[in-house]
Amino acid sequence: QVQLVESGGGLVQAGGSLRLSCAASGRTSSMFTMGWFRQAPGKEREFVAAIGWSGDSTRYEDSVKDRFTISRENGKNTMYLQMNSLKPEDAAVYYCAGRAPTGLLTRASAYDFWGQGTQGAVSS
């Protein structure tokens, strides 16, 4: 099994930055693909970004492209999400996710492992 724990959430002003981390433990070698999702109150969980095993392959949701950067350090079993130029609409609970197969999929149902989430709040 794999355990995922997010950290780094908080409250920032619009235009500010946050860096989220996702620490993995357990059978981490089985997670070729990792991703970030977010869920705002009253909304469905939505895809934010995904990254392949080597870190060379990434995929972003259009609204965060050029503002967010996903990365991973396999030696530390940690994935990151650097979020810059934050907007009020970015406020949500951010979840870390992992899946064994390759493929930077955007469907939440395609991911096998999930963290508990970390809150990212943005004030206008």
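Here the OG1-CE distance, from Thr78 to Met34, works out to 8.5 Å after rounding to the nearest 0.5 Å. Expressed to the nearest 0.5 Å, how far CG of Leu81 lies from OG1 of Thr118 amounts to 11.0 Å. For the atom pair CG (Leu20) and CH2 (Trp36), the distance works out to 4.5 Å, reported to the nearest 0.5 Å. Distance check, rounded to the nearest 0.5 Å: CG of Asn77 to OG1 of Thr28 gives 4.0 Å. Note: Gln39 CD to Gln119 CD = 11.0 Å, rounded to the nearest 0.5 Å. The distance from the CZ atom of Arg72 to the OG atom of Ser21 is 14.0 Å, given to the nearest 0.5 Å.
Distance alone, capped at 3.5 Å, is enough to place a donor-acceptor pair between the Glu6 side chain and the Gly117 backbone. Between the side chain of Arg59 and the backbone N or O of Leu104 there is at least one donor-acceptor pair closer than 3.5 Å. At least one donor-acceptor pair under 3.5 Å links the side chain of Arg99 to the backbone N or O of Pro101.
Contact record, Thr102 with Phe32: CG2-CB, 4.3 Å, taken as the closest heavy-atom pair. Across all non-hydrogen atoms, the minimal contact from Gly55 to Thr58 is O-CG2, 4.0 Å. Here the shortest heavy-atom pairing between Ala40 and Ala91 reads CB-O, 3.8 Å. Tyr111 and Ala50 get closest at one heavy-atom pair: OH-CB, 3.7 Å. Here the closest heavy-atom approach between residue Tyr95 and residue Gly115 is recorded as CD2-O, 3.6 Å. Scanning all heavy atoms of the two residues, the minimum distance from Phe47 to Leu105 falls at CE1-O, 3.8 Å.
Around CD of Gln116, the count of heavy atoms belonging to other residues, nucleotides or ligands within 6.0 Å does not exceed 12.
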Exercise for review: Please assess Met83 against Val64 for the test side chain to side chain contact (heavy atoms under 4.5 Å, CB included), listing each intermediate value before the final yes or no.
Suggested key: CA-CA 8 Å; Met83 305 188 294; Val64 308; over 6 Å; no

Check your understanding: Can you check side chain to side chain contact (heavy atoms under 4.5 Å, CB included) on Thr106 and Glu61, steps first, answer last?
Key -> CA-CA 8 Å; Thr106 62; Glu61 193 269 329; over 6 Å; no

**Study point:** Working for side chain to side chain contact (heavy atoms under 4.5 Å, CB included), residues Phe113 and Gln1
**Key:** CA-CA 8 Å; Phe113 310 108; Gln1 270 292 3; 3.4 Å; yes

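Looking at Tyr80 and Cys22, their side chains never come closer than 4.5 Å, going by heavy atoms from C-beta outward. Between Val122 and Lys87, the closest side-chain pair of non-hydrogen atoms is not below 4.5 Å. Residues Tyr60 and Thr69 meet the side-chain proximity criterion, which asks for heavy atoms closer than 4.5 Å. When side chains are defined from C-beta on, Phe68 counts as touching Leu86, because their heavy atoms get closer than 4.5 Å.
Ion pairing between a basic and an acidic side chain is recognised when a charged N comes within 4.0 Å of a carboxylate O; Asp62 and Lys65 show such pairing.
Hydrophobic clustering (side-chain heavy atoms under 4.5 Å, transitive across Ile, Leu, Val, Met, Phe, Trp, Tyr) keeps Phe37 apart from Val2.
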